[in-house]
Amino acid sequence: MGEEVKVIGSIKSGFCVRVEWALKLKGVEYEYIKEDLRNKSPMLLKYNPVHKKVPVLVHGDKPIPESLVILEYIDETWKDNPLLPEDPYERAMARFWAKYADEKCMFGAWEAFKAEGEEKEKAMESALESFAFLEKAIKGKKFFGGEKMGFLDLVVGWIPHWLSVLEEVGGMKMLDAEKFPSLHEWAENFIQIPLIKECIPPRDVLVNHFHATFSSLRSLSANKP
């Protein structure tokens, strides 16, 4: 596998960092290309003309978009330190929970972050119901797949860092240690793993980013007719 590997991404994105984590777990060297999403580069538009989003993995000259698809490609291409379990049922369940975590937990937290007043309460309640399923999935285990970090850990790896920033900027609390003790413990341990820690952006960068996003959303809402 001597072909060059590039990642087109943004350090502010939890979708992008999971790709970096996977490559580092596999021991794959790569070049990281920072993308300005306000002024999308010709490279991004060339390699992801459909969605025009990050992350994009470029292996040789072959582009692979969408973070979950990228993780599976990485796992199938570089065999060391497998991310997905061997058992077909367990693999299917890892894929199921990964999709669920993105669609219900991540976007649920985002909706709660954006909302105000009564709508915020409803969005938080819905998101917390989703997090309860992750709490059950991690209970009694070191990682979601057991004793080794794997696919689902990388997918929900945004929780310890990104979620805490959303909580701070959005004025809410979701990952409560009493309500979600197992998930909270997993998050505390996960963020301390050196390989994980070295890829996450500085907290102040995320805080400033989400404050700007929050202000922009409020401005748009205030200007609606």
Calculate, to the nearest 0.5 Å, the distance between atoms [atom1] and [atom2] belonging to [X] and [Y] respectively.
{"X": "His209", "Y": "Ser10", "atom1": "NE2", "atom2": "OG", "value": "7.0 Å"}
{"X": "Leu83", "Y": "Leu71", "atom1": "CG", "atom2": "CG", "value": "6.5 Å"}
{"X": "Lys46", "Y": "Asp61", "atom1": "NZ", "atom2": "CG", "value": "5.0 Å"}
{"X": "Ile64", "Y": "Asn48", "atom1": "CD1", "atom2": "CG", "value": "11.0 Å"}
{"X": "Ser164", "Y": "Trp158", "atom1": "OG", "atom2": "CH2", "value": "10.5 Å"}

>> Suppose clustering is done on Ile, Leu, Val, Met, Phe, Trp and Tyr with side-chain heavy atoms closer than 4.5 Å. Which residues sit in the same group as Tyr47?
In response: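 Its cluster mates, by chain and number, are Ile8, Ile33, Leu37, Met43, Leu44, Val54, Val56, Val58.
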> Can you say whether the rings of His59 and Trp78 are parallel (under 30°), tilted (30 to 60°) or perpendicular (over 60°)?
Replying inline: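 Correct class here is tilted.
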> Parallel under 30°, tilted from 30 to 60°, perpendicular over 60°: which one fits the rings of Phe180 and Phe131?
Replying inline: tilted
>> I'd like to know whether Asp153 forms a salt bridge (charged side-chain N to carboxylate O under 4.0 Å, His left out) with Lys148, so could you lay out the CA-CA distance, the side-chain angles of the two residues, the decisive distance to 0.1 Å, and finally the verdict.
In response: CA-CA 9 Å; Asp153 297 284; Lys148 286 180 64 179; over 6 Å; no
>> I'd like to know whether the aromatic ring centres of Trp110 and Phe107 sit less than 6.0 Å apart in this structure.
In response: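 No, ring centres 6.0 Å or more apart.
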> Partners of Glu31 by salt bridge (Lys or Arg N to Asp or Glu O under 4.0 Å), sequence neighbours excluded?
Replying inline: none
> So, Glu125 and Lys122, do they make that salt bridge, N to O below 4.0 Å?
Replying inline: no
> So, are Lys24 and Glu20 salt-bridged, with charged N and O less than 4.0 Å apart?
Replying inline: no
>> Evaluate Lys179 against Glu135 for salt bridge (charged side-chain N to carboxylate O under 4.0 Å, His left out), listing each step before the verdict.
In response: CA-CA 9 Å; Lys179 189 174 290 185; Glu135 170 69 15; over 6 Å; no
> Are Tyr89 and Tyr100 connected, step by step, through hydrophobic side chains (Ile, Leu, Val, Met, Phe, Trp, Tyr) whose heavy atoms are closer than 4.5 Å?
Replying inline: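 As far as the 4.5 Å side-chain criterion goes, Tyr100 and Tyr89 are connected within one cluster.
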> Is the NZ atom of Lys139 crowded by more than 12 outside heavy atoms at less than 6.0 Å?
Replying inline: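 No - once you tally the heavy atoms of other residues, nucleotides and ligands closer than 6.0 Å, there are 12 at most.
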> Under 6.0 Å from the NZ atom of Lys136, do we count more than 12 heavy atoms belonging to anything else shown?
Replying inline: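 Check fails, neighbour count at 12 or below.
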>> Checking Phe190 now: which residues fulfil ring pair (Phe, Tyr, Trp, His ring centres under 6.0 Å) with it, not counting sequence neighbours?
In response: Trp21, Trp186
